[in-house]
Amino acid sequence: MQRQFFTHALNDSDQLRQRVAFALSQIFVVSGTEVYEAYGMADYQNMLLNDALGNFRTLLQDVTLSPVMGHYLDMADNAKTNTALGTSPNQNYGREVLQLCTIGLYELNPDGSQKLDSSGAPIPTYNEDVVAGFSAVFTGWTYAPLAGAASQWTNPINYDGVMVAFADQHEPGRRCCWMFGHVRKPDSRAGFGDGAGRYFQSSERRSVHRQTADTALGDQ
């Protein structure tokens, strides 16, 4: 698969798409040591190629529902709070989608420099309540069923298609979250969640856009 990737990246005529897709793969990172099935990694790379020149909201949804990302950052089979077992939603993807994939740790100026408060300290873009809120939103998803098999919670690993939702495993209710100095309330309901969608559509994505452009274009 790696050979095919570099063959296309070096020789195909759609060089802008190839470069943007490569840049996105450095931001929306998955690992071939965790997902060693070639068909899974190939599907993920093709998804980045398909979305490279499209809408950021669509890209982020496709990444989120990818079973490859679901496996790598533990969103697959991430269940709601179970007080009897003492478990709560896994925060791995909820945290990484904020810190690495979208808004980053600190607010930025249009030129990419950090915004500072009156004491000269960087201004955080979110707090731990936001991480908990996102982690609640990203519950109730498992792999698509294997061909010919009935779908059930915690389906076996399957990198074909997108993950499927189970409403009874989704964290109920609404969460108050502080983000960019404002209180926001994401819907924590079955499905992708309009609340999460509103976050993903935020105009405060300069860190992602700048990083993507710098990686894709290099020194040109």
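FYI, the numbering just counts along the sequence from 1.
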Next on the checklist: Using the rule that Ile, Leu, Val, Met, Phe, Trp and Tyr join whenever any side-chain heavy atoms are under 4.5 Å apart, tell me whether Val29 and Leu24 fall into a single cluster.
Outcome noted: no
Next on the checklist: Could you see if Val63 belongs to whatever hydrophobic cluster contains Leu53? Use Ile, Leu, Val, Met, Phe, Trp, Tyr and a side-chain cutoff under 4.5 Å.
Outcome noted: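 Cluster IDs for Val63 and Leu53 match.
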[atom2] on [Y] to [atom1] on [X], rounded to 0.5 Å:
X	Y	atom1	atom2	result
Gln18	Asp12	CD	CG	5.0 Å
Gln4	Thr7	CD	OG1	5.5 Å
His170	Trp141	NE2	CH2	9.0 Å

Decide yes or no for [X] and [Y]: does some side-chain heavy atom of the first lie under 4.5 Å from some side-chain heavy atom of the second?
X	Y	answer
Leu108	Lys115	no
Leu100	Ile27	no
Met75	Met69	no
Leu48	Phe22	no

Next on the checklist: If the condition is salt bridge (charged side-chain N to carboxylate O under 4.0 Å, His left out), which residues does Asp14 pass it with, not counting sequence neighbours?
Outcome noted: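 Scan of Asp14 (salt bridge (charged side-chain N to carboxylate O under 4.0 Å, His left out), adjacent residues dropped) gives Arg17.
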Next on the checklist: Quick one, Val162 with Asp62, criterion side chain to side chain contact (heavy atoms under 4.5 Å, CB included). Give me CA distance, side-chain angles, the key distance, then yes/no.
Outcome noted: CA-CA 8 Å; Val162 299; Asp62 288 346; 6.0 Å; no
Considering all heavy atoms of both residues, which atom of [X] and which atom of [Y] are nearest to each other, and what is their separation?
X	Y	value
Tyr106	Pro122	CD2-CB, 3.4 Å
His71	Ile157	CE1-CD1, 3.6 Å
Ile103	Tyr126	CD1-CD2, 3.9 Å
Ala21	Leu49	CB-CD2, 3.5 Å
Asn78	Phe138	ND2-O, 3.0 Å
Asn11	Gln15	N-NE2, 4.3 Å

Checklist entry - Between the side chains of Arg95 and Gln91, does any donor sit under 3.5 Å from an acceptor? => result yes
Checklist entry - In terms of side-chain heavy atoms, does Thr142 have a donor or acceptor partner in Asp77 at a distance below 3.5 Å? => result yes
Distance-only donor-acceptor pairs under 3.5 Å for side chains of residues 35-46, two or more places apart:
residue	atom	partner	partner atom	Å
Tyr39	OH	Tyr159	N	3.1
Tyr44	OH	Phe28	O	2.8
Asn46	ND2	Ala42	O	3.3

[X] side chain to [Y] main-chain N or O, any donor-acceptor pair under 3.5 Å?
X	Y	value
Glu171	Thr81	yes
Asn109	Asp111	no
Ser135	Pro89	no
Thr102	Val97	yes
Lys80	Asp168	yes
Thr125	Leu105	yes
Asn155	Gln152	yes

Item to check | With sequence neighbours excluded, residues passing side chain to side chain donor-acceptor pair (under 3.5 Å) with Ser119 | outcome: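 Here the qualifying residues are Asp117.
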